[in-house]
Amino acid sequence: MTGTEIALIGAALAVGLAGIGSAIGVGIVGQSAAGLVTEDPDKFGQTLLLQALPGTQGIYGLLAGFIIMQNIGIIGDELLELTVPQGYAFLMAAIPIAIVGLVSGIYQGRVSASAVGLVAKRPEELGKGIVYAVMVETYAVLALLATIMLLFGIPL
Amino acid sequence: MPIIEMKKVFLLGHRQERENIFSLLQALGSVEMLDIKSGEAWEEFRALLEPEHVGETVSESESVLSDVRYCLDFFQRYFPARKSFVEQFTGSKLELTEQDYRDFVNQLEKVKPVYEACHKAEENLARIRNEETQGRNLIEELEPWSSMSLSLEEVEQGSSAVIGLYTVGVDRSEALQAGLAEKIPDHYYEEISADNEFVYFFYAGLTEDLAQMQDLFKDNTVTAVKFQDLTGTAAHNIELMHRKIASLQDEREAAMKDIEDLLENRPMLMACHDYMANELQKHEAVANLARTENSFLLEGWVPVPVLQDLEKAVEEKTETAVLAARDPEPGENVPVLLHNSGPVEAYEVVTKLYSTPKRSELDPTPFMAPFFFVFFGICLSDAGYGIALSLLALFISRKLKLGGMGKQLIYLLFLGGISSVVFGIVFGAYFGDLIKLPPLWFDPLDDPMRMLFYCFAIGLIHIYFGMGVQAYRNIKAGRPWSALFDQGFWFIFLNGLILLMLPGYETAAQWMALGGGAGLILTQGRSQSGIVMKFLSGLLSLYNITGYLSDVLSYSRLLALGLASVVIATAINAMGEMVAGSLVGTVIMVFVLLGGHVFNIVISTLSSYVHTSRLQYIEFFSKFFEGGGKSFQPFRIENSYVDVADPENS
């Protein structure tokens with residue numbers, strides 16, 4: 001495999017795994033939200049907000065994948081010929097957001113789904129439900145940060 | 001003073017003026033009522049008090065209110081008043097003028113007829129629904145027999161012959177036919193129809209074979225089908241039922257039309273609902289009074305700034321009432337009302353979402369507001385997005401009549417937009433890289449390490465500020481030593497450790513770290529008993545350094561979110577660029593850019609808001625703020641459906 005191909009695996013993992021995490025997370029919240037909205041259609045806005053929360057991991061993954069694609073020239077000017085070690089560097093840089101995005105997306109989905117239950121009984125406490133969900137997202141943000149710092153640090 | 005002073009007031013009045021005074025207090029909305037009888041101070045006067053009597057008016061009002069609620073729910077079920085997306089967050093009310101409101105409330109006697117009409121309409125609809133279901137079920141049952149030309153009333157058991165309709169499972173059908181052929185020579189079997197599960201058949205035989213037939217049918221789980229009270233063929237009955245259902249549908253439409261005609265009463269009902277709910281509240285408040293035969297006494301909290309207005313109103317509009325106020329006594333649970341002026345008020349919503357401050361505490365809002373402003377800007381950090389957000393907030397505040405927390409939140413977003421314009425210019429982002437302008441300072445994309453460093457620095461300032469507030473509280477409360485031990489030593493110790501990392505300050509840094517650390521070891525265990533325990537828990541307290549470390553590292557999210565919003569914007573631009581070129585391409589590009597940036601603004605604003613809030617709650621508030629106070633809830637007019645315009649304002 002060429003270095004470029006290995007780097008592309010990194011991009012694929014970042015987008016794919018973090019995206020899976022978000023998809024599962026958003027799915028979990030959507031199920032409980034739909035249940036609540038059958039009872040009370042006016043909660044749609046609030047629950048949609050909660051459903052959006054676990055969606056960020058997928059965006060972070062896409063972001064990491066996008067930076068990789070840009071750095072190796074898939075998007076934009078011309079495709080760079082990477083050495084194999086360079087390729088592995090990109091792959092490794094993608095790992096934090098790929099793994100943490102996958103897991104934190106699912107768990108943030110669970111917390112948000114519980115927050116849907118919270119909103120069902122106490123709509124005025126939406127803020128607290130969001131804060132609980134955001135505590136989980138912290139780690140996705142940190143992983144994204146690590147990935148970005150790694151990506152910017154790779155010498156080309 | 002961000003937390004408003006409260007005074008306890010006592011109002012003594014004559015029984016005859018009770019209603020009048022309560023209406024006055026409700027309209028003013030400046031007193032939080034207390035249940036005076038639960039106070040122990042009144043124990044010895046108990047003999048003088050009149051026993052409680054929940055008046056007839058209360059139960060009457062309650063029944064009217066429940067009728068009104070029933071009608072409104074009923075309308076909502078059949079003709080729902082949909083709320084728009086924004087209204088789901090802010091709530092929506094019917095706006096009425098004072099005059100309209102009065103007119104509606106004067107039609108209170110119309111509630112009963114409307115209620116009865118609604119009730120009748122609902123029963124009617126339920127009957128129609130029932131009959132329809134019955135009809136459909138019958139059609140379903142008749143369907144398999146529709147090809148049979150025999151009239152249903154002819155299917156019966158006679159003295160010499162048995163004829164009937166039966167069903168048998170598909171898997172048993174062959175066995176049944178074989179059994180019939182073998183055991184009952186004289187019979188007639190005709191399959192009428194079949195589906196996946198059952199075969200529907202017609203059987204005719206002699207009555208003398210009945211017992212044998214029954215055994216055979218039982219062995220093969222054959223079920224008899226009977227249609228009572230039906231005449232004519234199955235097909236004819238199906239046709240009849242279809243016609244009946246059609247006429248039921250007409251009936252339903254007529255019933256819905258009747259309900260629609262009732263709908264014009266909805267505004268009246270809404271007004272009556274709010275009027276009755278407020279009346280009931282008043283009655284409940286009256287129940288909390290201490291009453292004697294001819295007088296009553298109420299007790300409550302009043303914010304000092306409106307106390308004068310209250311005194312004036314009581315003096316002018318009543319004849320017998322006497323108002324007395326006193327300062328809160330220690331140990332009394334005084335409600336808390338926040339008051340911040342100017343832009344700081346917007347940030348009260350952040351504090352309230354966490355907790356209402358205790359009365360003995362400082363309101364954290366003014367301390368947190370500037371940091372919130374800055375952090376939000378760094379997280380969004382795009383001038384274009386900032387302008388869009390501010391304009392949107394402005395539009396919403398103009399378009400919708402918001403009050404309380406909703407208004408504050410929109411104002412907060414407006415300010416956040418301004419902040420993000422500032423940081424967008426500083427870091428050179430205008431819808432990502434759509435408009436290419438050089439940054440005023442530097443672009444974090446080019447030098448993320450530098451930006452990370454500044455994020456940690458600003459975080460450290462935030463944390464130190466929180467510690468400083470706590471030190472101030474300690475000094476103010478007469479505990480200067482606690483300020484030195486709990487905040488001062490940590491401040492020295494942390495700064496020493498930080499300086500250790502910088503070249504050139506080694507000696508000073510060492511002494512600061514050692515001195516601060518020693519101070520902490522010596523003082524942090526001071527609440528423990530015994531010298532060993534004091535020392536050990538002092539030593540253990542140094543472990544808190546990990547807490548401070550993770551607090552500071554947490555501010556790296558400022559960089560991450562700032563980069564995320566800008567890089568996603570750049571990605572959207574790149575995608576737009578890819579399709580640009582031809583005419584169709586350019587149209588698609590416009591859609592990609594528009595949709596992409598709107599999406600990114602929504603998502604990035606949401607993360608900016610929640611992550612900035614989190615930095616306040618977890619990293620900042622934990623240094624000095626506990627919360628858990630009781631918020632001020634005055635006795636006032638509370639409307640859930642209508643909004644009555646103030647005659648003075650309009």
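Just so you know, these numbers come straight off a predicted model, no measurement behind them.
The greatest number of non-hydrogen atom pairs below 4.5 Å with chain B, out of A/Ile148, A/Thr138, A/Ile59, A/Leu53, is found for A/Thr138. Among B/Leu563, B/Asn600, B/Val349, B/Leu445, the residue with the largest count of heavy-atom pairs under 4.5 Å with chain A is B/Leu445. The candidate with the highest count of non-hydrogen atom pairs below 4.5 Å against chain B, out of A/Leu63, A/Val131, A/Val141, is A/Leu63. With chain A as the partner, the residue from B/Val610, B/Val602, B/Leu452 showing the most heavy-atom pairs under 4.5 Å is B/Val610.
Crowding of B/Met578 atom CE: a count of heavy atoms from other residues, nucleotides or ligands under 6.0 Å exceeding 12. Residue-environment remark: OH (B/Tyr78) exceeds the threshold of 12 foreign heavy atoms within 6.0 Å. Annotation for A/Tyr88: atom OH does not count as buried by contact number, only 12 or fewer foreign heavy atoms lying within 6.0 Å. With a 6.0 Å radius and a threshold of 12 heavy atoms from other residues, nucleotides or ligands, B/Lys407 has its NZ atom at or below the threshold. Atom CD of A/Gln70 has more than 12 neighbouring heavy atoms from other residues, nucleotides or ligands inside a 6.0 Å radius. The number of heavy atoms from other shown groups lying within 6.0 Å of CZ (B/Phe79) is above 12. The environment of CZ in B/Arg450 is crowded: more than 12 heavy-atom neighbours from other residues, nucleotides or ligands sit within 6.0 Å. Annotation: A/Phe152, atom CZ; neighbour count of heavy atoms from other residues, nucleotides and ligands within 6.0 Å is above 12.
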Checklist entry - Between A/Glu137 and B/Arg614, is a side-chain contact (heavy atoms from CB on, under 4.5 Å) present by the stated rule, with each step listed? => result CA-CA 11 Å; A/Glu137 189 173 307; B/Arg614 180 227 136 103; over 6 Å; no
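The shortest side-chain heavy-atom distance between B/His611 and A/Val134 falls under the 4.5 Å cut-off.
Neither the backbone nor the side chain of A/Leu62 comes within less than 4.5 Å of any heavy atom in chain B. Contact of A/Thr56 with chain B is made through the side chain alone, with heavy-atom distances under 4.5 Å.
Interatomic distance, A/Lys128 NZ to B/Ser355 OG, rounded to the nearest 0.5 Å: 6.5 Å.
At a heavy-atom separation below 4.5 angstrom, chain A is approached by B/Tyr617, B/Ile618 within residues 615-623 of chain B.
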